[in-house]
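I have placed the structure first, in the form of structure tokens, so that the comments after it can refer back to it.
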Amino acid sequence: MPKNYCIMQIWAEFGKSALPICNYSQILYQFLTFTQNLKRSPLGLNLALLQSWTQNPYTFNSVSWFLSSLLGVYFVAPFALKLFKKVKSKYGYVLLLAIVWLVRFLLEYFNGKLYYINSNHFPVFSILTSIGGMLLFPLSKDIKSNFIINSILEISLLAIVAWLAYVHVDDVCISIQILFVWAAFYIFILNNDVFSRFMELDIWNIFSQIQMEFYLLHQMVLRLISRTVLGNVLIIKILVSFAITYFMAVIYNIFLKKRLEHIMCIILRN
């Protein structure tokens, strides 16, 4: 990140890129699924993308919850980066990573004992997880690694993460799962394993410009397909949902993205 990339620029970037697709996907979600959930929370919280800080994070839809949580990460990121610049050694980064994980673990451990918050949806957990991921980048510098060993570790870690995803939340602490996710992510950013090479294939270039749009739209499309006869067959549901999501993301990217970003730029300047 450039040195002159100030805090306000980071927040403005979120406003230009994330909010237009949020509004676009919210409108489509409401129109296509005929879902009306605004009665569960004040409209102002939804419009300000603050509903993830309440006990009803899905007050509008899961797309807006995701962006509400992501906004918290964007807010904290500049301050975290300033703190990282003061760290002089990798041992300091390791210590910070351990502290971040410990805070996350303790918040989760005492949840339900001293207080109650939804650890899957509350932004503080997402923020701590993201800061931990950010700390892995300076730890990956000047590290020599073996392709075969990294590949075995990455495949094993991804298998563990996939298995843990199906384990009941009460049985495995999410903070323990995060350790495996961080480990898999660390191997990936070393860029010396079979999974990293696979993701470098040219075929993935078709998603490079629409990955945010694709992610935000896919859940809405899945909900829509699930309400039709196509949703009864899993493989058909996946293929049709993939095709529709890709088409909508491309349409947004070509015809709407620049126009909405321009509008957001005008709003942010004023």
Side-chain angles (χ1 to χ4, degrees), residues 1-19 22 45 48-54 57 64-111 114-115 117-145 150 153-154 157 161 173-192 196 211-212 215 264-265 268:
M1 181 176 291
K3 292 182 179 179
N4 62 347
Y5 204 72
C6 68
I7 291 173
M8 290 308 297
Q9 283 176 305
I10 295 176
W11 293 340
E13 193 66 27
F14 178 87
K16 288 192 298 181
S17 59
L19 296 184
C22 172
L45 288 176
L49 289 178
L50 295 175
Q51 72 275 28
S52 63
W53 296 88
T54 70
S64 63
W65 162 78
F66 168 76
L67 288 173
S68 176
S69 185
L70 184 63
L71 183 60
V73 175
Y74 267 71
F75 183 87
V76 172
F79 302 103
L81 290 172
K82 273 196 169 185
L83 175 62
F84 295 169
K85 290 180 179 179
K86 297 180 180 180
V87 180
K88 303 300 182 182
S89 68
K90 288 188 176 181
Y91 296 107
Y93 288 117
V94 172
L95 179 61
L96 271 178
L97 184 62
I99 292 173
V100 168
W101 182 83
L102 183 61
V103 170
R104 195 193 190 289
F105 172 79
L106 291 176
L107 284 174
E108 190 175 45
Y109 178 78
F110 288 108
N111 187 21
L114 301 179
Y115 48 84
I117 52 178
N118 193 323
S119 58
N120 287 322
H121 306 139
F122 198 59
V124 169
F125 293 93
S126 300
I127 290 170
L128 291 171
T129 303
S130 299
I131 290 176
M134 293 166 63
L135 283 166
L136 296 176
F137 280 94
L139 287 173
S140 67
K141 292 181 178 179
D142 303 320
I143 297 294
K144 295 181 179 180
S145 58
N150 280 6
L153 286 173
E154 183 76 344
L157 288 167
V161 170
C173 178
I174 297 177
S175 292
I176 302 299
Q177 299 180 38
I178 293 300
L179 288 176
F180 290 100
V181 172
W182 282 349
F185 183 59
Y186 181 75
I187 298 295
F188 179 76
I189 61 179
L190 291 176
N191 200 31
N192 190 27
S196 299
Q211 52 187 327
M212 184 69 165
Y215 181 82
M264 291 303 300
C265 284
L268 290 169

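Along the sequence shown, the residues carry numbers beginning at 1. Being a predicted model, the structure only gives us computed values, none of them experimental.
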Can you see which heavy atom on A184 is nearest to which on L157, and at what distance?
N-CD1, 3.6 Å

Taking C-beta and beyond as the side chain, do L83 and L96 meet within less than 4.5 Å on heavy atoms?
yes

Does N150 reach the main-chain N or O of I187 with its side chain, forming a donor-acceptor pair under 3.5 Å?
no

Can you tell if the side chain of C173 reaches within under 4.5 Å of the side chain of I176, non-hydrogen atoms only?
yes

Can any side-chain N or O of Y93 pair as donor or acceptor with the backbone N or O of F84 at less than 3.5 Å?
yes

Rounded to the nearest 0.5 Å, the NZ atom of K144 sits from the CG atom of L190 at a distance of 14.0 Å

Could you give the distance from CG (L179) to CD (Q177), rounded to the nearest 0.5 Å?
10.0 Å

Taking C-beta and beyond as the side chain, do V181 and T129 meet within less than 4.5 Å on heavy atoms?
no

Heavy-atom nearest pair, S69 first then P123, reads OG-CA, 4.0 Å

Using modelled atom types and a 3.5 Å cut-off, is there a donor and acceptor pairing between side-chain atoms of K90 and backbone atoms of K141?
yes

So W53 and V124, do their side chains get closer than 4.5 Å, heavy atoms only?
yes

Taking the side chain as C-beta and beyond, is there a heavy-atom pair between L135 and V87 under 4.5 Å?
no

Enumerate the residue pairs fulfilling side chain to side chain donor-acceptor pair (under 3.5 Å) with a member in residues 178-191, sequence neighbours excluded, ordered by first and then second residue.
N191-E200

Using the side chain to side chain contact (heavy atoms under 4.5 Å, CB included) rule, take L128 and L107 through it: C-alpha gap first, then chi angles, then the decisive distance, then the call.
CA-CA 11 Å; L128 291 171; L107 284 174; 3.9 Å; yes

Taking atom CG of L70 and atom OG of S126, what is their separation to the nearest 0.5 Å?
9.0 Å

Does any N or O in the side chain of S196 come within less than 3.5 Å of the main-chain N or O of F188, such that one atom is a donor and the other an acceptor?
yes

Do L95 and Y91 come close enough that some side-chain heavy atom pair is under 4.5 Å?
no

Taking S175's backbone N and O only, do any of them form a donor-acceptor pair with E108's side chain (distance below 3.5 Å, no angle check)?
yes

Considering all heavy atoms, the nearest N192-S145 contact
ND2-O, 2.9 Å

Output for pair (L97 CG, L102 CG), nearest 0.5 Å, gives 11.0 Å

Are F137 and F185 near enough that their ring centres are under 6.0 Å apart?
yes

According to the interplanar angle, ranging from 0 to 90°, do the rings of F75 and F79 count as parallel (below 30°), tilted (30 to 60°) or perpendicular (above 60°)?
tilted

Might you point out which heavy atoms bring M134 and A77 nearest each other, and give the distance in Å?
CE-O, 4.1 Å

